[in-house]
There are 2 protein chains.
Amino acid sequence: MTTRRVRARPGEGPLLREEILAAAEALLIESGTEDALTLRAVARRAGVTTPSVYLHFADKEALLEAVCLRVWDQLDSDMNAAAARARDPFRALGMAGIAYARFALSHPVQYRVLMMRSPATTAALACHRRMVESVTACVEAGALRGDPEKLALSLWAAVHGCVSLLIAQPGFPWPDDLDAFIEETVAMAGFGAALSSRIPRRTPWTTPVLTERLDALAAGLPTR
Amino acid sequence: MTTRRVRARPGEGPLLREEILAAAEALLIESGTEDALTLRAVARRAGVTTPSVYLHFADKEALLEAVCLRVWDQLDSDMNAAAARARDPFRALGMAGIAYARFALSHPVQYRVLMMRSPATTAALACHRRMVESVTACVEAGALRGDPEKLALSLWAAVHGCVSLLIAQPGFPWPDDLDAFIEETVAMAGFGAALSSRIPRRTPWTTPVLTERLDALAAGLPTR
DNA sequence: ACATCAGGTTGACACTGTCATCCTGACGGC
DNA sequence: GCCGTCAGGATGACAGTGTCAACCTGATGT
């Protein structure tokens, strides 16, 4: 214990909490993995003994969750800002999806901890709620049809799967242009929701008919 | 160490490897989480001392990966069997996607370990390769257009995201009918790939036009 | 001056992955 | 029948982990 932290004065207790969070966040970002987040390393970095962490966090898991939730507020404002750049609700939905992916890739450790572990449901609920808002606007505008809750779930799953694989499988031979891949996945999900929500399940469509209609539809769209 | 395992005779060395794998798999399934897989628990269950595990596995991570890879062979045959139930390639693609989701939900621990951790890329490669095959058939049949590799990635991402969220967020308020949710997500991805692959990026489509065309397309499809 | 209590520290416990070292029993050669 | 050899393990130990009960300490209100 080389440099010991000066003791907080009474009433300034929560001050240490912030220092611990900052130390843990730095450790997480520098190492790139949550395995490096040991209580001893965090305490040493905060200039405090190990058990002092328990004065502000119930256990290691609570600390880890608190650290990762720290960046989560930015997600909502990111998605809002991105959606605001398009007045059309359906395009705004796509913008929000791309913003979601960018956010996840900007905070890979936090995203993995909160979304790929057992119960970090509060963060997941925030994601879903935000999605439902954008989807509801699209339903009201007529771009999508059906239950916004379920539509949002499927759309969310698609973009989550994209960033989830990118984060968890860095050794995979991903395409060179990741931005393009993300955009294409978001587009697939959006167009898919628009089309699929118009086709009742158990509809006896056949692939040749579908192919012909899709070709006709695409041919009728304006080209740049 | 109550019941000690009878020692294997020379030449029967790999026999213990299977017993360790079986013990580890049982531990994984009974507990439902990989945290319960400690080397001591595995060794005790196999009737062997702890360091003996190192005779057959480099370290704990290698054991965990080997255990989870044990069920992975079934995925390929599951998807093949499901795809074979439809002669149409595009419907077969959907069947394969649903089979993928069912497999993942049947082996949640193994799926999480192999797909939501840092480098288990061999399993991911197997998934992707299998997807590319189904997608290639759809491209040749005209249902999808574009690069099968990228199309497969986006489709895979969608279904992976779906099961990934279901596995990692069990506390989330999911819809009652999970099968329907999975089918809808797969349908969204499939229809989305079909439509999106026909619309070049940066196409200046507008939502009202798109909505009108989609409604017309859906109205022209046969009803049951 | 004194009791009080927030804000820590000390020391320990059980448990983990991992390793160097040693033992043991079956086999082949003579 | 005997012995060396080597695969197949067992022993004991080490450093590191999360966690907790017990203790200390210094500022503050009175």
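So you know, we letter chains A, B, ... as the sequences are listed, proteins then strands, and number each from 1. Since the structure is predicted, the reported quantities are computational estimates derived from the model, not experimental observations.
Aromatic ring centroids of A/His128 and B/Phe172 lie under 6.0 Å apart.
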Check the interface with nucleotides 21-23 of chain D: list each N/O to N/O pair with the protein under 3.5 Å, or write none.
none

Can you pull every protein N or O that's under 3.5 Å from an N or O on nucleotides 16-18 of chain D?
unit_1	atom_1	unit_2	atom_2	d
D/dG18	OP1	A/Leu39	N	3.2
D/dG18	OP1	A/Lys60	NZ	3.3
D/dG18	OP2	A/Leu39	N	3.1
D/dG18	N7	A/Arg40	NH1	2.7
D/dG18	O6	A/Arg40	NH2	3.2

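The interatomic distance linking B/Glu34 (CD) with C/dT16 (P) rounds to 15 Å, in whole Å. Rounding to whole angstrom units, CG of residue B/Leu64 and C1' of C/dG17 are separated by 13 Å. In this structure, the CZ atom of A/Arg17 is 16 Å from the C1' atom of C/dG7, given to the nearest Å. Spacing between atom CG of B/Leu55 and atom P of C/dT24 amounts to 17 Å, rounded to whole angstrom units. D/dT19 atom C1' lies 14 Å from atom CD of A/Glu61, rounded to whole Å. Separating the CZ atom of A/Phe57 from the P atom of D/dC20 is a distance of 16 Å, rounded to the nearest angstrom.
Taken from OG in A/Ser31 to CD1 in A/Ile29, the straight-line distance is 9.5 Å, to the nearest 0.5 Å. In this structure, CH2 on B/Trp174 lies 4.5 Å from CG on B/Leu165, to the nearest 0.5 angstrom. In this structure, CZ in A/Arg145 is found 12.5 Å from SG in A/Cys138, a value given to the nearest 0.5 Å.
In this structure, B/Phe103 and B/Trp72 have perpendicular ring planes: the angle between them is above 60°, well past the 30° mark.
The side chain of A/Ser52 places an N or O atom within less than 4.0 Å of a non-bridging phosphate oxygen (OP1 or OP2) of C/dT9.
Closest non-hydrogen pair, B/Gln169 versus A/Arg117, comes out as NE2-O, 4.1 Å.
Residues in residues 97-112 of chain B take part in these salt bridge (Lys or Arg N to Asp or Glu O under 4.0 Å) pairs, two or more places apart or across chains: B/Glu34-B/Arg112, B/Arg102-B/Asp179.
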Checklist line | Audit row: B/Met95, B/Met79, side-chain contact (heavy atoms from CB on, under 4.5 Å) steps and yes/no | finding: CA-CA 8 Å; B/Met95 296 292 203; B/Met79 291 179 73; over 6 Å; no
